[in-house]
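In what follows, a single structure is set out as structure tokens and then discussed.
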Amino acid sequence: MASTIMGSTETTLYTIAIYVGAVKIKNIRFVLAAALIADVVRNASFNFLLSYFVERFLLTFFCFYIIMFTVLIYSNYISLKF
């Protein structure tokens, strides 16, 4: 997750440098502030959605498969015992 955040911020700064350099804007204060605020909002929403997905779906499926695997092993154990 950290590499995604760092990569997106680096891309933002590179894009600002290219576009500002092409148009020859001298004062990039507001452009930089808006881009970094957009990065923070995007990363916060990404973290929220990822944690929601992991909590709701992946852990549920993981628990389901563990229970099914346990039932399968236990049923085989009982059938081999008798």
Side-chain angles (χ1 to χ4, degrees):
M1 188 178 331
S3 62
T4 303
I5 293 170
M6 289 299 297
S8 65
T9 304
E10 181 183 343
T11 303
T12 300
L13 296 176
Y14 175 75
T15 305
I16 289 173
I18 295 298
Y19 288 143
V20 168
V23 183
K24 296 183 176 67
I25 297 176
K26 300 286 183 197
N27 190 359
I28 65 164
R29 179 177 51 178
F30 298 114
V31 174
L32 183 61
L36 292 178
I37 289 171
D39 276 343
V40 168
V41 169
R42 182 193 60 238
N43 291 333
S45 63
F46 173 73
N47 289 338
F48 173 73
L49 290 174
L50 183 65
S51 65
Y52 179 79
F53 176 75
V54 167
E55 180 182 332
R56 297 290 179 186
F57 297 107
L58 291 182
L59 291 179
T60 303
F61 290 131
F62 182 71
C63 291
F64 174 74
Y65 284 121
I66 291 229
I67 291 169
M68 293 305 291
F69 183 72
T70 306
V71 167
L72 179 67
I73 294 296
Y74 187 69
S75 65
N76 285 337
Y77 175 74
I78 290 175
S79 66
L80 292 175
K81 191 173 182 181
F82 292 113

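All values reported here derive from a predicted model rather than from experimental measurement.
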Would you say [X] and [Y] are hydrophobically clustered, going by side-chain heavy atoms of ILVMFWY under 4.5 Å?
X	Y	answer
Leu32	Tyr19	no
Ile16	Leu36	yes
Val31	Val23	yes

Query - Rounded distance [0.5 Å steps], CG in Leu13 versus CG in Asp39 - result: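 The CG atom of Asp39 is 7.5 Å from CG of Leu13, to the nearest 0.5 Å.
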Query - Fellow cluster residues of Phe48, listed by chain then number, with links counted only when side-chain atoms sit under 4.5 Å apart - result: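 Leu49, listed by chain and number.
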